[in-house]
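Inspection log for the structure reproduced underneath, given as C-alpha cells.
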Amino acid sequence: MKKIEDFRLKYNDIGFLEVTNPPSPETLKAYYAERYYQTEQGSYRKVYSDQELAYLNLKISQKASLVDHFRGQPTPGSFLDVGCGEGFALAWFASVGWSVKGIDHSIAGLESMNPDLLSHVESGDLFEILERRISARENYDLVWLNNVLEHVLNPISLLTSLRRLVTPDGILVVTVPNDGSAYQEFLLNNGNISERFWVAIPDHLAYFNYESLVGTVTATGWKCLDIIADFPIDFFLLHPGSNYVQERTNGPLAHQARLSMELMLAEHNSHDNINEFYRSLARVGLGRNLTAFLSPL
C-alpha cells in the first residue's frame, strides 16, 4: 500500500475532493476484507462501553425520527444497510419491526458485535452485490449509507445505482465526514493544526463538505430533503489544552466529552429539538459528520 504522500488529491467537476490515483479495486477489497475491522481501523472497536453503545443507538434513533417524518408514517418497512459494518443500525431497525438486510466487504465487524444478524447480511464486493439486487428488481423503503461514500472508488456511480433500489416514496440516508470545511482551513491557517489531519488514505478516497455533498447528491438524481450535522468535536482543536491533533492523548478525553454532551442533550430534549440544532450546525459548516436525507427524483 502506498503512503499518504504518494496520492494526489483534486476537486472534481461536481466539487468534492477526490484521490486521482487511488489504490486498485483488488487492493481495496483485500484491505477491507482482511484488515479494516480486524485491526480497529477508524472508529471501530473490539469492545464498546455501555455509554458508547447508548450513544451509537441514540444517533441512529435521531436519524430514524427524521426518516419517519419524511416518509409521513412510523410504520416499519424494508431496510437495506449498504456497508453495514458492525450491524448497529441493522439491530436497531430490526428491534422496531423493520425487515432488515445488509451488505459489506467483510462480516468481521458483524461477527464481533451482532452475530445474531449474520443471516441477514451478504458479504463481498458492494457494487457486484448491488447490481445483482438491482437486476432482481429489489426495492427498499429505506437505504442506509453510513460513512461509506467516502470509502468507494466511484461515489457518483454508487449514488446513481442506489436510486434503482429505493422505492419511489423511499429514503436514502447518507452520512459522510465533514471534511475540507472552512473551519478546518481556518484551524490550519491559524496554526491550531499543522496538517490536514482528515486526509486518511486508503480509508477515505473522497471528501465532502456541506456544499459539495448537496452538489453531489443533486447531480446524481436525488432531492435533498435535509442535512444535519453531529457533535462538532473539532471545536476542541481551538484550545491547546484539548487539541487532539497536536496532542494525540487528548483524543479519548474529547471523545468522552462528546459522549457525555450527546447523552445529556438527549435526556433533556426531543429528537426534533436536537435535529434542529444539528441542522443549524450543518448549514454553517460545523459538525464532524454530515447526514443527508434524500428522495429519488
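Worth knowing before you read on, the calculation uses all heavy atoms, side chains too, and leaves out hydrogens, waters and symmetry mates.
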Partner of Asn147 under side chain to side chain donor-acceptor pair (under 3.5 Å), picked from Thr175, Asn289, Thr291, is Asn289
Is it the case that the side chains of Ser157 and Thr160 hold a donor-acceptor pair, with the cut-off being a distance below 3.5 Å and no angle test?
no
ILVMFWY cluster, Leu9 and Tyr11 together (side-chain gap under 4.5 Å):
yes
Heavy-atom donor-acceptor pair, Ser135 side chain to Glu131 backbone, under 3.5 Å
yes
For the student: nearest non-hydrogen atoms of Pro296 and Pro168, plus distance:
CG-O, 4.0 Å
Do Asp234 and Tyr183 have side chains that get closer than 4.5 Å, going by heavy atoms?
yes
Does a side-chain heavy-atom distance below 4.5 Å link Glu122 with Arg133?
yes
Report the C-alpha distance between Asp226 and Arg279 in whole Å, list the side-chain angles of each, state the deciding distance to 0.1 Å, and finish with yes or no for salt bridge (Lys or Arg N to Asp or Glu O under 4.0 Å).
CA-CA 8 Å; Asp226 203 357; Arg279 182 176 298 114; 2.6 Å; yes
Using side-chain heavy atoms (C-beta onward) and a distance below 4.5 Å, is Lys223 in contact with Leu294?
no
So, Gln51 and Ser49: side-chain donor and acceptor under 3.5 Å apart, yes or no?
no
For the residue pair Asn275 and Ser65, confirm or rule out a side-chain donor-acceptor distance under 3.5 Å.
yes
Side-chain donor/acceptor of Ser78 to backbone N/O of Ser99, under 3.5 Å
no
Kindly compute the distance separating OG1 (Thr216) from CD1 (Ile156), expressed to the nearest 0.5 Å.
6.5 Å
Starting from the C-alpha separation in whole Å, work towards a yes-or-no answer on side-chain contact (heavy atoms from CB on, under 4.5 Å) for Trp198 and Tyr207.
CA-CA 9 Å; Trp198 41 268; Tyr207 300 85; 3.6 Å; yes
Is it the case that the side chain of Asn243 and the backbone of Asn192 share a donor-acceptor pair, with hydrogens and angles ignored and the cut-off at 3.5 Å?
yes
Can you tell me how the ring of Phe70 sits relative to the ring of Phe293, calling it parallel under 30°, perpendicular over 60° and tilted otherwise?
tilted
For Leu205 and Pro23, the nearest pair of non-hydrogen atoms, with its separation, is CD2-CD, 3.9 Å
Using modelled atom types only, decide if a donor and an acceptor are shared between the side chain of Ser181 and the backbone of Asn178 within a distance under 3.5 Å.
no
Please check: side-chain N/O of Ser61 versus main-chain N/O of Leu58, any donor-acceptor pairing under 3.5 Å?
yes
Just checking, any donor-acceptor pair under 3.5 angstrom between side chains of Tyr48 and Glu86?
yes
Minimum heavy-atom distance Ala219-Ile14, with the two atoms named
CB-CD1, 3.9 Å
Is there a donor-acceptor contact under 3.5 Å from the side chain of His120 to the main chain of Val100?
yes
For atom CG of Asn190, is the number of surrounding heavy atoms from other residues, nucleotides or ligands below 6.0 Å larger than 12?
yes
Return yes when atom CG of Asp13 has more than 12 non-hydrogen atoms of other residues, nucleotides or ligands closer than 6.0 Å, and no otherwise.
no
Does some side-chain heavy atom of Pro177 sit less than 4.5 Å from a side-chain heavy atom of Glu150?
yes
Heavy-atom closest pair (Leu188 atom, Glu195 atom, distance to 0.1 Å) is CD1-N, 3.7 Å
Would you call Asp179 and Arg288 a salt bridge, using N to O less than 4.0 angstrom?
yes
Mind telling me whether Phe236 and Phe231 have parallel, tilted or perpendicular rings, with 30° and 60° as the class edges?
tilted
Would you say the side-chain atoms of Asn273 pair up with the backbone N or O of Asn269, donor to acceptor, closer than 3.5 Å?
no
Are Tyr244 and Leu253 connected into the same hydrophobic cluster when the rule is that any two of I, L, V, M, F, W, Y join if their side-chain heavy atoms are below 4.5 Å apart?
no
Side-chain heavy-atom pair Asn146, Val148 within 4.5 angstrom cut-off
no
Min side-chain heavy-atom separation Cys84-Lys101 under 4.5 Å:
no
Thr218 side-chain N/O to Val214 backbone N/O, donor-acceptor pair under 3.5 Å:
yes
Separation between CG of Leu80 and CG of Leu130, rounded to the nearest 0.5 Å:
7.0 Å
For the atom pair CZ (Phe186) and CG (Leu238), what is the distance rounded to the nearest 0.5 Å?
6.0 Å
Mind checking whether Phe277 and Leu263 sit in one hydrophobic cluster, side chains of I, L, V, M, F, W, Y counted as touching below 4.5 Å?
no
Of Val82, Leu145, Leu162, which is the lone residue that meets side-chain contact (heavy atoms from CB on, under 4.5 Å) with Val174?
Leu145
Under a 3.5 Å distance rule, please check whether Asp104 uses its side chain to pair with a backbone N or O of Gly85 as donor and acceptor.
yes
Give the ring-plane orientation class for Phe16 versus Phe208, where under 30° counts as parallel, over 60° as perpendicular and anything between as tilted.
tilted
Nearest heavy-atom pair of Leu149 and Ala206: which atoms, and what distance?
O-CB, 4.5 Å
Under 3.5 Å side-chain donor-acceptor pair for Asn209 and Ser212:
yes
Does Trp144 belong to the same Ile/Leu/Val/Met/Phe/Trp/Tyr cluster as Leu117, with side-chain heavy atoms less than 4.5 Å apart forming each link?
yes
Between the side chain of Glu262 and the main-chain N/O of Arg258, is any donor-acceptor distance below 3.5 Å?
no
Going from CD1 on Ile103 to NE2 on His105, what distance comes out if it is rounded to the nearest 0.5 angstrom?
8.5 Å
Could you give the distance from CG (Asp81) to CZ (Phe93), rounded to the nearest 0.5 Å?
9.0 Å
In Å and rounded to the nearest 0.5 Å, what is the CH2 to CH2 distance from Trp92 to Trp98?
9.0 Å
Under 30°, 30 to 60°, or over 60°: which ring-plane class applies to His255 and Tyr55, parallel, tilted or perpendicular?
perpendicular
For residues Thr27 and Ser24, report the shortest heavy-atom separation together with the two atoms involved.
OG1-OG, 2.8 Å
Are the charged groups of Arg132 and Glu138 less than 4.0 angstrom apart, N to O?
no
Do Leu90 and Phe79 have side-chain heavy atoms sitting under 4.5 Å apart?
yes
